[in-house]
Amino acid sequence: MPTKPGDISEANAHLIGWWLQLLATGAYFVYLPHCLIILSKKLRHGMSPWLPAACFVIFAATVLDFVVGFIRTYQGYSVHGTERPDPEALYADPSSTLSLLKNAMNIVVAIISDAIIVYRTFMVWNMNVWIILAPVGLLLGDTAVGIWAVWTLAQTGPGTIPILAAVSVRIRYFFIITFVLNILCSGLICYKIWRIQSKVTRDYTGQRSSTSRVLEIIIESASIYCAHLLILIITNGLGTNYFFMFLDPLPPVGAYVFSMLIVRTRAQNNDNGTSVASTTIRFRGSRSTRPPIAVGVEIDLERVVDTESVTSPTRMYDPRRGTHMYVAQDKDLAQDKDSM
């Protein structure tokens, strides 16, 4: 199939995409065991099963996508007797069963990832319905366009140039909506955490709080996924076959970002699966011997809780420092932790 000058052939693009998919799948499998351990601990402490269920569906879709990619690559580049490999003939039929299955997995993983980040936004903003009206609308539109794209692909006949077909426009709309949704939800989550951190660290002593670390992890994870989506949108809009290089590894990249966010935000969690960032507030210009107050802020994957009410400081032993310290945690925070 002829290609534009300076473009790569579709078969070569899929081959490079398969190599990238192998790397992304390997990175995902590195985080997967840690992710499962964290989720199993949270399940034992009464966490809702929605997140483990989403993790399982993403895992199943990623593995199925990997198997389909392996079969397609083998069929396209293997030698049968005296016949030479003809990958162009394989990829010339975008409506084949394997092609439909692989592209469906791209849509499924993206939609599940979008649903998860919308849910996290909802929980982080203390179940504020008004906040998620726009994200939910984008999620519904994303789902509809994704189904429309797969249906259009099924109607595309053999011999059609996929990157120039109508399905290419549908999939571009899908990735644009996904990109906007992830940027919006990530921005809302980061703003909420930043606002809480600014409130708690108003009289900050200079130590790096764990809220800063969580904020950095969220920004990093969103940047990886959104950068990948942006590359897909640009290459698709230019009508180049380089689009397929980045389309094939999309499911493991989404699964990797999903697992990395869980693992890295839980790296220093305590036994009940939550992370409490304590900031010691001192009164400037005073040499009072009054014990400092540590205000607790809970940073959870599905929830961020901050309150204004603080209990009286309690003398506790810190094994890491080998000394005693006075800690006061939020009353509402303790109640929320008991209900999780």
Side-chain angles (χ1 to χ4, degrees), residues 21-67 105 108-124 182 185-186 189 193 208-225 228 249-278 296-305 318-320 329 333-334 336-340:
Q21 184 175 356
L22 286 174
L23 294 175
T25 303
Y28 166 56
F29 283 161
V30 169
Y31 275 100
L32 182 60
H34 303 284
C35 181
L36 295 177
I37 292 174
I38 291 169
L39 293 178
S40 63
K41 287 183 178 180
K42 290 187 69 64
L43 272 177
R44 288 197 297 269
H45 289 90
M47 184 190 72
S48 173
W50 77 267
L51 188 60
C55 180
F56 173 78
V57 174
I58 289 178
F59 167 76
T62 302
V63 171
L64 180 58
D65 180 77
F66 178 84
V67 172
M105 292 305 101
V108 167
V109 173
I111 290 177
I112 293 176
S113 300
D114 292 346
I116 290 172
I117 197 170
V118 170
Y119 180 83
R120 287 172 178 166
T121 305
F122 180 59
M123 297 303 295
V124 164
N182 279 269
C185 290
S186 299
I189 292 173
I193 295 177
R208 183 169 179 257
S209 67
S210 61
T211 52
S212 298
R213 179 177 174 276
V214 171
L215 190 62
E216 292 173 3
I217 293 172
I218 294 175
I219 294 174
E220 178 183 339
S221 302
S223 299
I224 294 173
Y225 191 57
H228 194 99
L250 179 61
V253 168
Y256 165 75
V257 171
F258 170 80
S259 300
M260 181 182 69
L261 185 59
I262 294 176
V263 173
R264 294 189 60 187
T265 53
R266 292 286 187 264
Q268 297 178 346
N269 288 352
N270 52 28
D271 291 338
N272 65 357
T274 59
S275 174
V276 177
S278 295
V297 176
E298 179 182 348
I299 304 296
D300 194 283
L301 185 65
E302 295 79 44
R303 190 174 179 85
V304 176
V305 179
D318 186 351
R320 293 177 298 179
Q329 287 190 341
L333 174 61
D336 183 77
K337 288 167 66 177
D338 290 339
S339 63
M340 291 184 64

At their closest point, which heavy atom of [X] faces which heavy atom of [Y], and how far apart are they?
{"X": "Y31", "Y": "S259", "answer": "CB-CB, 3.9 Å"}
{"X": "L39", "Y": "P52", "answer": "CD1-CA, 4.1 Å"}
{"X": "C35", "Y": "V263", "answer": "N-CG2, 3.6 Å"}
{"X": "A24", "Y": "V253", "answer": "CB-CG2, 4.0 Å"}

Would you give the length of the straight line joining atom [atom1] of [X] to atom [atom2] of [Y], rounded to the nearest 0.5 angstrom?
{"X": "S40", "Y": "H45", "atom1": "OG", "atom2": "NE2", "value": "10.5 Å"}
{"X": "Y256", "Y": "I224", "atom1": "OH", "atom2": "CD1", "value": "5.0 Å"}
{"X": "C55", "Y": "L36", "atom1": "SG", "atom2": "CG", "value": "5.5 Å"}

Would you check if [X] and [Y] make a side-chain contact, meaning some heavy-atom pair closer than 4.5 Å?
{"X": "I116", "Y": "I112", "value": "yes"}
{"X": "L51", "Y": "F258", "value": "yes"}
{"X": "L250", "Y": "Y225", "value": "yes"}
{"X": "I262", "Y": "K42", "value": "no"}

Subject >> Heavy-atom neighbours of F66 CZ exceed 12 at 6.0 Å >> reply: yes
**OP:** May I have all residue pairs that pass salt bridge (Lys or Arg N to Asp or Glu O under 4.0 Å) and include part of residues 48-62, sequence neighbours excluded?
**Re:** none
Subject >> Residue pairs fulfilling side-chain hydrogen bond (donor to acceptor under 3.5 Å, both in side chains) with at least one residue in residues 54-67, sequence neighbours excluded >> reply: Q21-D65, D65-K102
